[in-house]
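Written below as structure tokens is the structure these notes are about.
Note on naming: letters A, B, ... go to the chains in the order of the sequence lines (proteins, then strands), and numbering restarts at 1 for each one. The structure presented is a predicted model; accordingly, all values stated were derived computationally and were not measured.
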2 protein chains.
Amino acid sequence: MALRESIVRGELYPGYRLLVLEIANELGISQAPVREALERLKQEGLIISRHNKGSIVAEIKQEEIEEIYALRELIEWDAVRKSIRLLDEKDFGHLTAIYDGMASAAKKDDLFRFIDLDMDFHGYFFAKSGNQTILHLWQQIAVKLKRFQAITNKIYYPDLLSIAEGHAPLIEVLRTGDEEKIRQLFIQHMKEVWWRMNKDAEGRMRDT
Amino acid sequence: MALRESIVRGELYPGYRLLVLEIANELGISQAPVREALERLKQEGLIISRHNKGSIVAEIKQEEIEEIYALRELIEWDAVRKSIRLLDEKDFGHLTAIYDGMASAAKKDDLFRFIDLDMDFHGYFFAKSGNQTILHLWQQIAVKLKRFQAITNKIYYPDLLSIAEGHAPLIEVLRTGDEEKIRQLFIQHMKEVWWRMNKDAEGRMRDT
DNA sequence: ATCGATAAAATTATCGATAATCCTATCGAT
DNA sequence: ATCGATAGGATTATCGATAATTTTATCGAT
């Protein structure tokens, strides 16, 4: 659905009113499917709708991202830990391919592709560790993180390449299999990105 | 919505076909609101719908509950830990009231009320610890746990009272504030309930 | 001029109906 | 008898329109 893309990419600013009939006409379809789509977006937390008052694009507050990161810390290390023993050469190949893609996207300043790949990288461990419920949770989280990153990085691009390169040591240490070292690096990686995001976000959320 | 209740209580068995027109006529309303409701239930994982093939009540597999418990372990202790310092006498009053309610429901064999209160008890810490995102996650989880318990305990009632009484020491130890003891007791409590549920579930999932 | 009440416009939620799709039973060919 | 094709029925997805509600604009009273 194209609506979601627009919201996640930050093209539709928070508070924007989503008029059912307008969207329907725009897409050349009827109201029913539009309402369905809005219902889904509402469940995902991308829009907010109050009875008889229609839907608006949800805000995305710093506060909420902090909460999400608290949750992420709880579940991501667990997923990585459970993956370690399961990773074979094929997996390392995939991870490396994602890393290469990130580096390439960074060089082209293709922010959206970069973010998608970043999420794919981390999502890989959730998929590998085999807990469908937690994987699904991660996918929900990832949408919001994507959106936040897209919005905060939209005006001023930070050094994407250095973020991309931060993933190389992760792959490297995963090969060695030393659990404690892996843990340290992943936690550090998460905190680093979080810190950078925080910094970038300051004073920039207002303009969105 | 009454549909959700019926599913969670296990009155609508897995695989049951939800016909839009039938439900609409039954409730004396049109298709549109029914479809909306189904969309919500789909997002919650209570029903499954495939394109052009309508909706059926979702199965609830042992496997999925195991996944949920793995997730629960990751987040619940964290919530409790963060709550400890925040609990005052009013909170202990609430928790004790919930406990009393559970004991009373157990004596009356009111399974549904019992389950609701059990979830309220554990949800209390998620609410108290202040992370809205994780609280929301817990609420989603709680719905599925309720449903599983309702279905597995429907035919043969285990000893509800002893489960209720398992909560008293939890309140007790929370008052002392010894983090390590609290942790041990909560983890133990969770594993105990999980084990009991597992046992009860055996051979009984087939009849649903 | 400001405020509240009222009317007009806009928008949502709901409705009943149509078109598209899927399922089932019947029939005919091998 | 078995299999595939086909027609009929059932059900979903979509549609355009109506009813209910909210928002905006207008007007008159203070």
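Nucleotide D:dT14 holds its P atom 8 Å from the CG atom of B:N52, rounded to whole Å. Note: CG (A:L19) to P (C:dT12) measures 5 Å, nearest angstrom. Going from atom NZ of A:K42 over to atom P of C:dT12 covers 14 Å, rounded to whole Å. The interatomic distance linking A:N25 (CG) with C:dT11 (C1') rounds to 13 Å, in whole Å. Separating the CG atom of A:L21 from the P atom of C:dT14 is a distance of 16 Å, rounded to the nearest angstrom. In this structure, A:I56 atom CD1 and C:dT11 atom P are separated by 15 Å, rounded to whole Å. In this structure, CD of A:E36 is placed 17 Å from C1' of C:dT12, rounded to the nearest angstrom. A straight line from NE2 of B:H51 to C1' of D:dT11 spans 13 Å, rounded to a whole angstrom.
Side-chain atoms of A:P33 lie closest to D:dC15 of the nucleotides D:dC15, C:dT14, C:dA17. The side chain of B:Q31 has C:dA17 as its nearest neighbour among C:dA17, C:dC15, D:dG16.
For the residue pair A:Y69 and A:M190, the shortest heavy atom distance occurs at CE2-O, 3.9 Å. Closest non-hydrogen pair, B:A58 versus B:R147, comes out as O-NH2, 2.6 Å. Contact record, B:L18 with B:I47: CD1-CG2, 3.5 Å, taken as the closest heavy-atom pair.
Proximity of the aromatic rings of B:F121 and B:Y124 is defined here by a centroid distance below 6.0 angstrom, and this criterion is not met.
Taking for each of B:R17 and B:G28 the nucleotide of DNA chain C with the nearest heavy atom, the 5'-most of the two is the partner of B:G28.
For the OP1/OP2 pair of D:dT23 and a distance below 4.0 Å, the side-chain nitrogens and oxygens of A:K53 include at least one atom meeting the criterion.
Ring-plane geometry between A:W138 and A:H122 is classed as tilted, the angle between the planes lying from 30 to 60 degrees on a 0 to 90 degree scale.
Pair check for D:dT30 finds C:dA1; Watson-Crick or G-U wobble, both atom distances under 3.5 Å. Nucleotide C:dT12: paired with D:dA19 (Watson-Crick or G-U wobble, both distances less than 3.5 Å).
Within the 4.0 angstrom heavy-atom criterion, only backbone atoms of the sugar-phosphate kind lie near A:L18; the bases stay farther away.
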